Amino acid sequence: MSNEFSRPIDDRYFDDYVVGSTYEFPERVQVTEAEIVAFGRSFDPQSFHVDPEAAADGPFHGLIASGWHTAGLMMRLYAKHYLSHVASLGGPGVDELRWLVPVRPGDQLRLRTTVLEARLSRSKPDRGLVRTRAELLNQDDAVVLRVEALNFLAVR
């Protein structure tokens, strides 16, 4: 497992994403009850995201973050630590988004990425497509979210 890219994020291009490389980033995002409830009220108003008392009697036996909130936290870390700040050209989407373990107030989440595929574009030779498995792990090292993300990156 690799812990660092050979180049900093502001000098990282398509060729720097090597298939098979895995990176774990030390920054942890602390999830708070207030953030869970605020996100739930705005975007996913189910009782187990917005009402701690109702959630206690619900299917998860307590308040949990919306999966979409969790995905947003993953994206924050992904854009900050993994995705090139100079060569990112967007992406066509994600595959196989899975919420594996509920995220609860007080959880501390960190990002692990693995480069699954990197290929040059057939129609646009100035860029390549990188397929990445991104995982969020909690403080107990349980994977709470797993997704395969596709990103276009400029070639150096």
Side-chain angles (χ1 to χ4, degrees), residues 1-46 49 64-156:
M1 174 171 30
S2 191
N3 284 327
E4 293 184 19
F5 279 90
S6 60
R7 296 182 188 271
I9 200 162
D10 60 355
D11 188 33
R12 199 176 296 160
Y13 288 82
F14 169 75
D15 295 343
D16 297 308
Y17 292 81
V18 177
V19 173
S21 297
T22 297
Y23 306 96
E24 292 198 31
F25 303 95
E27 181 181 356
R28 293 174 186 263
V29 174
Q30 173 113 14
V31 183
T32 69
E33 180 175 308
E35 290 171 338
I36 289 172
V37 171
F39 186 96
R41 284 185 180 147
S42 294
F43 302 107
D44 193 353
Q46 299 181 72
H49 300 320
I64 64 166
S66 166
W68 299 111
H69 182 185
T70 305
L73 294 171
M74 184 283 300
M75 191 64 205
R76 179 197 315 170
L77 294 171
Y78 189 83
K80 183 176 180 181
H81 297 292
Y82 178 75
L83 195 56
S84 171
H85 291 180
V86 294
S88 176
L89 301 170
V94 299
D95 292 332
E96 300 183 28
L97 173 61
R98 298 289 183 263
W99 296 295
L100 303 168
V101 173
V103 172
R104 300 181 183 277
D107 279 356
Q108 295 181 23
L109 306 177
R110 63 186 170 82
L111 177 66
R112 176 171 62 204
T113 60
T114 302
V115 180
L116 300 176
E117 177 186 7
R119 64 174 174 80
L120 289 171
S121 170
R122 292 181 196 98
S123 60
K124 296 181 180 177
D126 65 332
R127 67 194 63 191
L129 180 69
V130 175
R131 177 185 296 272
T132 302
R133 179 187 312 114
E135 298 172 308
L136 273 186
L137 296 89
N138 68 15
Q139 65 281 354
D140 299 320
D141 291 328
V143 176
V144 302
L145 174 146
R146 178 178 295 130
V147 64
E148 287 187 15
L150 302 167
N151 296 99
F152 291 115
L153 294 157
V155 174
R156 188 179 310 272

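What you see is a predicted model, and the numbers here were worked out from it, not measured in a lab. We number each residue from 1, following the sequence as shown.
Within a 6.0 Å radius of CZ in R156, more than 12 heavy atoms belonging to other residues, nucleotides or ligands are found. For W99, the CH2 atom counts as densely surrounded, since its 6.0 Å shell holds more than 12 non-hydrogen atoms of other residues, nucleotides or ligands.
In this structure, the side chain of S84 engages the main chain of R12 through a donor-acceptor pair within 3.5 Å. A donor-acceptor pair is defined here as one N or O able to donate and one able to accept, closer than 3.5 Å; such a pair exists between the side chain of H49 and the backbone of I64. Listed for the S88 side chain is no donor-acceptor partner under 3.5 Å among the backbone atoms of H85.
In this structure, the side chains of P102 and R104 come closer than 4.5 Å at one or more pairs of heavy atoms.
Taking the charged nitrogens against the carboxylate oxygens, R133 and E148 have no contact shorter than 4.0 Å, which rules out a salt bridge. Taking a cutoff of 4.0 Å between a charged side-chain nitrogen and a carboxylate oxygen, E96 and R98 do not qualify as a salt bridge.
A side-chain hydrogen bond (donor to acceptor under 3.5 Å, both in side chains) with E27 is found for exactly one of H81, R110, R76, namely H81.
You'll find the ring centres of F5 and Y17 inside the 6.0 Å limit.
Contact between L109 and L77 at its shortest, heavy atoms only, is O-CD1, 4.0 Å.
Between the side chains of T132 and Y82, at least one donor N or O sits under 3.5 Å from an acceptor N or O. For N138 and Q108, the side-chain atoms include no donor-acceptor pair closer than 3.5 Å.
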